[in-house]
Amino acid sequence: MSGPIRRSASVRRLVAIGVTLIVLLSPFLWLLQMSFKSNDLILQFPPPLIFTPTLENYTSLWQGAFPASFVNSLMSASFSTALALILGVPAAYALSRWAGRGKHALSFAILITRMAPPIAFTIPFFLFYRWIGLLDTVTGLVLVYTSFNLPLVIWMMQPFFETVPQSLEEAALVDGASTRVVFLEIVLPMVTPGIAATAILCFLYAWNDFFFALILTRTNARTAPVAVVNFMNYEGWEWGKIAAGGSLVMAPVLIFSLAVRRYLVSGLTAGAVKG
Amino acid sequence: MSGKGLVDAERRRFNRWALAPSLIVLFMIAGLPAIYLVVTSLTPFQLVNPGSSTDFSSPLRNYRLLPDDPRFVNSLWVQAKLSFWGVLFQVLLGMLLALLLHTQSRVVEFARTFFLIPMVLPPIVVAIIWKLIYTPDISPLYYAAGLLNIALPSLTSSVDFALTAIIIADTWEWLPFTFLMVLAALQTIPDEFSEAALVDGANRLQIFFYITLPFITPILVISGMFRLIDSVKAFPLVFLLTGGGPGSVTEVTNYYAYLLAFDFNEIGYSSSVTIVMLLLVVAVSLGVVWMGRRREAMA
């Protein structure tokens with residue numbers, strides 16, 4: 001390499017990075033290794049680092065009510081993602097092509113719904129759901145999650161639409177195609193990667209939710225994050241199940257995050273402006 | 001240009017149809033609840049007390065009670081402490097991490113992804129992980145301290161350490177966010193600057209303070225503001241690690257509002273607490289958007 005700036009990592013830097021990574025991830029790895037330990041081993045002191053892994057925590061989860069809560073999580077996250085995309089993608093396109101006044105004000109108004117701390121929505125949702133019987137239903141959760149995924153879709157999709165050359169659309173429009181056809185057949189296929197990334201982020205936000213599920217569900221629609229916490233009960237904490245359940249809850253998150261890591265920044269900054 | 005005019009009219013019609021469903025839905029699932037929250041905050045609404053939800057005889061009662069409610073005032077202080085230290089650590093450590101990982105190397109680029117793990121984990125799993133670390137009989141931390149003959153107090157039930165314990169966990173969770181933002185900013189700095197400085201005989205510290213730092217200061221501020229807004233979201237940590245205690249040393253406003261509404265059934269009063277909190281968050285958020293705009297204008 002020429003030039004005064006070294007462009008490859010030095011050994012010292014690599015060692016420092018490795019050590020930092022191990023320190024940073026050790027809490028996470030601790031939970032993971034615990035999920036493969038029997039309860040006797042978990043309580044053993046000093047904690048054995050080398051042991052024969054067992055799947056007994058996972059199999060005992062499978063026999064209980066946990067799988068049902070996992071399905072609830074999957075359903076509420078998927079349906080709210082689908083709903084938010086169906087509504088939000090055309091809206092984002094319209095906003096990205098809208099040159100008129102009020103664009104910034106409207107965008108900001110949309111974003112405000114995302115900045116509010118969750119408790120601001122839980123009280124009205126709780127009262128309203130109690131009234132119309134949506135408490136403890138997946139439908140109820142889907143509606144709540146849509147309320148904070150829709151702004152994310154509208155904000156995240158706009159930059160993707162802005163990368164589509166407008167001359168392409170104008171040519172088609174002048175040739176007599178309707179805006180609807182241009183949107184569906186020219187623009188939409190060009191932003192598919194953006195839609196995929198946005199969908200995954202929406203899914204993760206709904207999947208990761210604990211607060212709404214804690215308050216708006218009891219047993220029927222209980223989601224996996226709440227179910228895991230319920231293993232911490234008065235008779236004592238079932239650490240094996242907690243570790244296994246926690247690991248299962250984070251599994252889809254880790255897989256999806258790897259898939260969309262390029263878009264994480266934009267997704268999380270749009271998401272960051274939410275209480 | 002009548003063709004162009006027709007196209008424009010068609011586009012406007014399409015835009016209306018594309019935007020309307022979203023705006024209607026957002027109004028119904030976000031606007032109406034917000035309005036309802038304001039209305040509820042003007043009543044002494046308790047679930048056990050029929051008729052209290054429509055009692056507007058003394059609409060500002062809740063808001064007048066707030067300044068004299070020691071738990072509310074305390075919760076704002078707790079939130080301020082949590083936010084201040086959390087944001088400070090996250091920005092500083094995130095910057096250091098970004099500087100460490102800002103290098104062109106395949107291995108390092110691959111490793112970056114793993115540094116993001118704490119941020120993407122479900123918040124409740126993060127809370128479980130730290131519960132594990134703060135629970136003496138199974139914690140690796142307590143075991144390590146035992147090996148070194150250090151007697152660790154029970155961190156989450158100690159008046160002195162409980163909030164620190166939450167700040168540590170919150171910093172672990174969100175450090176990757178500031179790291180990611182700063183790293184993105186570092187990658188926009190043209191190499192020529194530091195190359196020229198090196199040729200002129202500047203040392204690495206000088207390059208950092210005179211070239212790198214001015215470049216990344218805006219992003220440090222903005223990512224700090226993002227984290228500040230978001231710091232009211234520490235609910236799962238408080239819920240699982242300390243439950244607001246001991247006493248109320250970790251009772252943030254969000255958690256107090258939750259207790260008021262869903263433990264004490266004081267829906268009306270909780271709504272007014274929530275609204276005050278909401279106004280504070282919106283004020284900070286407006287600041288962020290304003291700064292973002294100013295930065296865009298400068299660029």
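Distance check: B:Thr135 OG1 to A:Met232 CE gives 7.5 Å after rounding to the nearest 0.5 Å. Between atom OG1 of residue A:Thr20 and atom CG of residue B:Leu100 there is a gap of 5.0 Å, rounded to the nearest 0.5 Å. Taking CG of A:Leu95 as the start and OG of B:Ser22 as the end, the distance is 8.5 Å to the nearest 0.5 Å. Between A:Phe28 atom CZ and B:Phe114 atom CZ the span is 9.5 Å, to the nearest 0.5 Å. A distance of 12.0 Å separates CZ in A:Arg180 from CZ in B:Arg13, rounded to the nearest 0.5 Å. Note that the CG atom of A:Leu21 and the CD1 atom of B:Ile117 stand 7.5 Å from one another [nearest 0.5 Å].
Contact detail for B:Leu37 and A:Ala120: the closest heavy-atom pair is CD2-O, 3.7 Å. Nearest heavy-atom pair, A:Trp30 versus B:Leu132, reported as atom, atom and distance to 0.1 Å: CD1-CD2, 3.6 Å. The shortest heavy-atom contact between B:Leu121 and A:Asn208 is O-ND2, 3.9 Å. Contact record, A:Ile119 with B:Phe262: CD1-CE1, 4.3 Å, taken as the closest heavy-atom pair. Contact detail for A:Ile123 and B:Ser270: the closest heavy-atom pair is CD1-OG, 3.3 Å. The minimum heavy-atom distance linking B:Val125 with A:Gly246 is given by the pair CG2-O, 3.7 Å.
The candidate with the highest count of non-hydrogen atom pairs below 4.5 Å against chain B, out of A:Leu254, A:Leu150, A:Val174, is A:Leu150. Taking A:Leu83, A:Val249, A:Val182, A:Leu127 one by one and counting their heavy-atom pairs under 4.5 Å with chain B, the maximum is reached by A:Leu127. Put simply, of B:Pro140, B:Ala111, B:Ala257, the one with the most heavy-atom pairs under 4.5 Å next to chain A is B:Pro140. Of the listed residues (B:Phe239, B:Tyr258, B:Tyr143), the one with the most heavy-atom contacts under 4.5 Å to chain A is B:Tyr143. Among B:Leu147, B:Val282, B:Leu240, the residue making the largest number of heavy-atom pairs under 4.5 Å with chain A is B:Leu240. Heavy-atom pairs under 4.5 Å with chain B were tallied for A:Val89, A:Asp209, A:Leu173; the largest tally goes to A:Leu173. Of all the listed residues (B:Ile35, B:Leu47, B:Leu97, B:Val39), the one sharing the greatest number of non-hydrogen pairs under 4.5 Å with chain A is B:Leu47. Among B:Ala127, B:Ala20, B:Pro123, the residue with the largest count of heavy-atom pairs under 4.5 Å with chain A is B:Pro123.
Remark: A:Arg97 engages A:Glu169 in a salt bridge (charged side-chain N to carboxylate O under 4.0 Å, His left out) (not counting sequence neighbours). Taking A:Tyr129 as the reference, A:Phe125 meet the ring-ring contact (aromatic ring centres under 6.0 Å, His included) condition, with sequence neighbours excluded.
Sequence neighbours left out, not one pair with a member in residues 126-136 of chain B passes salt bridge (charged side-chain N to carboxylate O under 4.0 Å, His left out).
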Between B:Trp17 and A:Thr179, is the side-chain contact (heavy atoms from CB on, under 4.5 Å) condition met? List the steps. CA-CA 11 Å; B:Trp17 280 107; A:Thr179 315; over 6 Å; no
Working for side-chain contact (heavy atoms from CB on, under 4.5 Å), residues B:Ile128 and A:Val228: CA-CA 9 Å; B:Ile128 288 173; A:Val228 173; 3.2 Å; yes
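Under the 30°/60° scheme for interplanar angles, the aromatic rings of A:Phe210 and B:Phe235 are found to be tilted.
Neither the backbone nor the side chain of A:Phe256 comes within contact range of chain B; no heavy atoms are under 4.5 Å apart. Interface remark: A:Ser26 contributes no atoms to any contact with chain B (heavy atom separation under 4.5 Å). For a residue to count as touching a neighbouring chain, one of its non-hydrogen atoms must lie under 4.5 Å from one of that chain's; by this rule B:Leu279 does not touch chain A. Residue A:Ile86 does not touch chain B at all, counting heavy-atom pairs closer than 4.5 Å. With a threshold of 4.5 angstrom between heavy atoms, A:Ile215 approaches chain B through side-chain atoms but not through N, CA, C or O. Looking at A:Ile154, the atoms closer than 4.5 Å to chain B (heavy atoms on both sides) all sit in the side chain, from C-beta outward. Of the two parts of A:Ser247, neither the backbone nor the side chain holds a non-hydrogen atom closer than 4.5 Å to a non-hydrogen atom of chain B. Within the 4.5 angstrom heavy-atom criterion, only side-chain atoms of A:Val229, from C-beta onward, approach chain B. In this structure, the portion of A:Phe183 lying under 4.5 Å from any heavy atom of chain B is its side chain and not its backbone. The contact between A:Leu24 and chain B is made by backbone and side chain atoms together, counting heavy-atom distances below 4.5 Å.
For residues 24-34 of chain B, heavy-atom neighbours of chain A at less than 4.5 Å comprise B:Val25, B:Leu26, B:Ile29, B:Ala30, B:Pro33, sorted by residue number.
Between A:Ile17 and B:Phe115 the shortest side-chain heavy-atom distance falls below 4.5 Å. Proximity of A:Tyr93 to B:Phe14: side-chain heavy atoms (C-beta onward) are separated by under 4.5 Å at one or more points.
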